[in-house]
Amino acid sequence: MPLLANEKVRKIIKDKIMTRNLTIYNSLTRQKEAFSSIQKGHIGMYVCGPTVYNDVHLGNCRTFMSFDLIYRYLLFLGYKVRYVRNITDVGHLLDDGEDRMSKGARLDNLEPMEVAQKYTNGFHDMMKVFNTLNPSIEPQATGHIIEQIEMVEAILKNGYAYEKNGSVYFDTLKFAEKTGEYGKLSGRVIEELISESRDNLKNQDEKNHPSDFAIWMKGSEEHIMKWNSPWSVGFPGWHLECSAMSTKYLGKQFDIHGGGNDLKFPHHENEIAQNVSTCGCQPAKYWMHTNMLLMNGRKMSKSDGNTISPIELFNGDSIHVTKGYSPMVVKFFMLQSHYRSPNDLTNEALLAAEKGFKRLMEANKTLQSLESTISNQASLDLRVRDLIEAAFIDMDDDFTTPRALARLFDLVTIINSLKDGQYSLNDISQPSISDLKSFFRTIIFDIFGLMDESDSNAGPIDGLMHLIIELRQQARTNKDWATSDKIRDTLNDVDIMIKDGKDGTSWNFK
Ligand code: AMP
Ligand code: ZN
């Protein structure tokens, strides 16, 4: 079970789960739309994963963290989500005609699959560091060559592709004429696309039209990663893997397809063309695109030195930062901007994020240690509940994390006022304190996926709970039911539930 919404917070928004007014900005229609899943209660989501021929960079991390947040919120709302994120381990051709995976292999002196494995491991490690959830399925392009060949066959059979010298090209003009679908996502017309085609320039003259793209490429002698096919020993075109794997695991039509907005064209446009020409229907109901991560106002780019790796950022080992920032500070910084806005990484912004993140974690600690007393001050209660509900409304509004965070900081002010004695605990009712505790834990840990780094992996709490559970076990062994019940009831009062199972006793926050 990947993630469970806290029952108490669910109570607050009871009856609204899955019927909340979730709206999603759909890049295909260029507007926010009310979200409704194709199959009630279920969501199929496909996100283009990393190309594993070098280290994952912070821009990639921003996109994957954004979709992690989206995944977590959909789970929170009660949907059963199948989240598919692929690994691109077949290299795409570079402009000089050399395969990226082979190039990586040549530079590192490794087998191509060794390169893929090395950077896949690195990617997984980084996703763990940022506390993202694993996808439900993580298919690799090299493991789905048969499915890709079958798709090429289907596209050929339906008349939207042609073969030339062992390579197969998608016929964009014919597709555009017959379906009127080409360019819808990127908003471009064929003539504009002519000069921008991203596949092998060497083969341009084989194409009927410059905007046509390869769906199967004949491999040259020196090309390392190649497979048998009806047309040649070669490899699939870049866009094909996502069409084939999304269809295989999510069906011809699924709910959400995502990626960074630099993938809109040509990758996603061509994916749509392949799917429509194979199955006759648009693959995804909602297309979601994240905006780019910038640094000091400019695109992050290795070539002009305007780049920083996640590790350099954590260590502070770069001219662009004055110190190191922890992974959760970086994550908090990412959450401070909406996924569709550009996000500018600067030292000042990180310093501010560090302060904000600490303030939030400290407020949560204060809150969780507050003892509730019986009283009922309706006005403060109403304000607390309004802010909690407002934060969910912000999340329902196309996952607007910056606004939801602002509500949280309004609540932080209330929590700190309680701590400072400006409000007394009598000003807030017990149910409200309890709900606020649950809400904070749910939104910052379960939905935002933050971790309190000062807890150092919750070690102290885990250790303490281990001790308490042992003491209770001793009491039970001694048939001292009064003590064992007292332990359980006292934990219950502070929102910790213990459960006896056949594998022993476990605990969790209520
Ligand atoms: P790639 O490994 O290049 O295929 O990229 C993996 C994902 O990261 C894709 O969804 C890209 O759109 C996304 N991406 C690449 N660069 C950036 C960036 N600077 N900011 C945000 N996302 C990015
Ligand atoms: Zn893709």
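In each ligand, atom 1 is the first atom listed, and ligand 1 is the first ligand listed. For this chain, numbers begin at 1 and follow the sequence in order.
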Novice: Give the atom numbers and elements of ligand 1 that come within less than 4.0 Å of a heavy atom of Leu263.
Specialist: 9 (C), 10 (O), 12 (O)

Novice: So if I count the atoms of ligand 1 from 1 in the order they appear, which ones are less than 4.0 Å from some heavy atom of Leu293?
Specialist: 18 (C), 19 (N), 20 (N), 21 (C)

Novice: For atom 1 (P) of ligand 1, which of Thr51, Val56, Ile87 has the closest heavy atom?
Specialist: Thr51

Novice: I'd like the name of whichever of Asn60, Asn54, Val52 reaches closest to atom 5 (O) of ligand 1 through any heavy atom.
Specialist: Asn60

Novice: For Arg30, enumerate each residue passing the salt bridge (charged side-chain N to carboxylate O under 4.0 Å, His left out) test, keeping only those at least two apart in sequence or located in another chain.
Specialist: none

Novice: Between Phe64 and Phe123 (judged by ring centroids, cut-off 6.0 Å), do the two rings come close enough to count as a pair?
Specialist: yes

Novice: Without hydrogens or angle criteria, can the side chains of Tyr119 and Asp89 be said to hold a donor-acceptor pair below 3.5 Å?
Specialist: no

Novice: Under 4.0 Å from a heavy atom of Pro50: which atoms of ligand 1 are those, numbered in the order shown and with their elements?
Specialist: 2 (O)

Novice: Hey, which protein N/O/S atoms does the Zn ion (ligand 2) have under 2.8 Å?
Specialist: Cys48 SG, Cys242 SG, His267 NE2

Novice: Please confirm whether the ring centroid of Phe35 lies under 6.0 Å from the ring centroid of Tyr286.
Specialist: yes

Novice: Which ligand 1 atoms are under 4.0 Å away from a heavy-atom of Asn291?
Specialist: 21 (C)

Novice: Taking all atoms of both residues into account, what is the closest heavy-atom pair of Ile149 and Ser229, and its distance?
Specialist: CD1-CB, 3.9 Å

Novice: With ring centroids as reference points, do His268 and His289 lie under 6.0 angstrom apart?
Specialist: yes

Novice: For His57, counting its heavy atoms only, list the atoms of ligand 1 lying under 4.0 Å from any of them.
Specialist: 15 (C), 16 (N), 17 (C)

Novice: Please find out if less than 6.0 Å separates the ring center of Phe439 from that of Phe392.
Specialist: yes

Novice: Does Gly59 reach ligand 1 with a nitrogen or oxygen that is under 3.5 Å from one of the ligand's nitrogen or oxygen atoms?
Specialist: yes

Novice: So, using salt bridge (charged side-chain N to carboxylate O under 4.0 Å, His left out) as the criterion, who are the partners of Lys248 when residues are at least two apart?
Specialist: Glu147

Novice: Kindly say whether Ser309 contributes a backbone atom to a donor-acceptor pair with the side chain of Asp55 at under 3.5 angstrom?
Specialist: no

Novice: Report the relative orientation of the aromatic rings in Phe409 and Phe332; use parallel for angles under 30°, tilted for 30 to 60°, perpendicular for over 60°.
Specialist: perpendicular

Novice: Output all residues satisfying side-chain hydrogen bond (donor to acceptor under 3.5 Å, both in side chains) with Asp398, sequence neighbours left out; order by chain, then residue number.
Specialist: Tyr339, Arg340

Novice: What do you reckon, does Thr290 have a nitrogen or oxygen under 3.5 Å from a nitrogen or oxygen of ligand 1?
Specialist: no

Novice: Report yes if the side chains of Pro50 and Ile87 come closer than 4.5 Å at any heavy-atom pair, otherwise no.
Specialist: yes

Novice: If you measure from atom 11 (C) of ligand 1 to every heavy atom of Thr63, Leu294, Asp262, which option wins on shortest distance?
Specialist: Asp262

Novice: With a cut-off of 4.0 Å, which atoms of ligand 1 are near a heavy atom of Phe64?
Specialist: 6 (C), 7 (C)

Novice: What about Asn261: any of its N or O atoms under 3.5 Å from an N or O on ligand 1?
Specialist: no

